Amino acid sequence: MAYSHSTREACEALRISDRTLLRLRREGVLRAGDHFRAAGAGVSRPPLLWNIEEVERTLARRSRRVL
């Protein structure tokens with residue numbers, strides 16, 4: 001798994017807003033360890049690093065179910 005994109009980079013690559021990304025996290029669609037991880041240890045609100053490939057797969061599966 002490649003957690004290589006910051007939140008801003010992930011939003012640009014996925015063509016979604018940061019609010020949409022946050023909502024998907026809150027709703028449990030995107031999960032820690034599968035889709036993102038914290039980039040700093042011991043920091044109260046560390047930046048997140050995203051696995052774009054896994055997020056894209058999850059969003060594609062989710063959109064097919066909605067259709």
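From a predicted model like this one, the values you see are computed outputs, not experimental measurements.
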- prompt: Mind checking who shares a hydrophobic cluster with Leu14, ILVMFWY linked at side-chain heavy-atom distances under 4.5 Å?
  reply: Ile16, Leu21, Leu24, Val29, Leu30, Phe36, Leu48, Trp50, Ile52, Val55, Leu59

field: Any residue meeting side chain to side chain donor-acceptor pair (under 3.5 Å) with Arg31, in chain and number order, not counting sequence neighbours
entry: Asp34

- line: Residue set satisfying side chain to side chain donor-acceptor pair (under 3.5 Å) with Arg57, at least two apart, ordered chain then number -> Glu54

- request: Kindly write out the residues that satisfy side chain to side chain donor-acceptor pair (under 3.5 Å) with Thr20, not counting sequence neighbours, or none if the list is empty.
  value: Ser17

task: Kindly check if the number of other-residue, nucleotide or ligand heavy atoms within 6.0 Å of CZ (Arg37) is above 12?
output: yes

- request: Could you tell me which residues satisfy salt bridge (Lys or Arg N to Asp or Glu O under 4.0 Å) with Arg23, sequence neighbours excluded, listed by chain and number?
  value: Glu27

task: Just jot down the side chain to side chain contact (heavy atoms under 4.5 Å, CB included) partners of Pro46, sequence neighbours excluded, or say none.
output: Ala38, Val43

task: Return each pair, listed once, that meets ring pair (Phe, Tyr, Trp, His ring centres under 6.0 Å) where at least one residue sits in residues 5-25; pairs must be two or more places apart or across chains.
output: none

Separation between CD of Glu56 and CG of Asn51, rounded to the nearest 0.5 Å: 9.5 Å

- prompt: Would His35 and Thr58 count as a side-chain contact (heavy atoms from CB on, under 4.5 Å) if you check the C-alpha gap in whole Å, the side-chain angles of each, and the deciding distance to 0.1 Å?
  reply: CA-CA 9 Å; His35 302 101; Thr58 299; 2.7 Å; yes

- prompt: What residues form a salt bridge (Lys or Arg N to Asp or Glu O under 4.0 Å) with Arg25, not counting sequence neighbours?
  reply: none

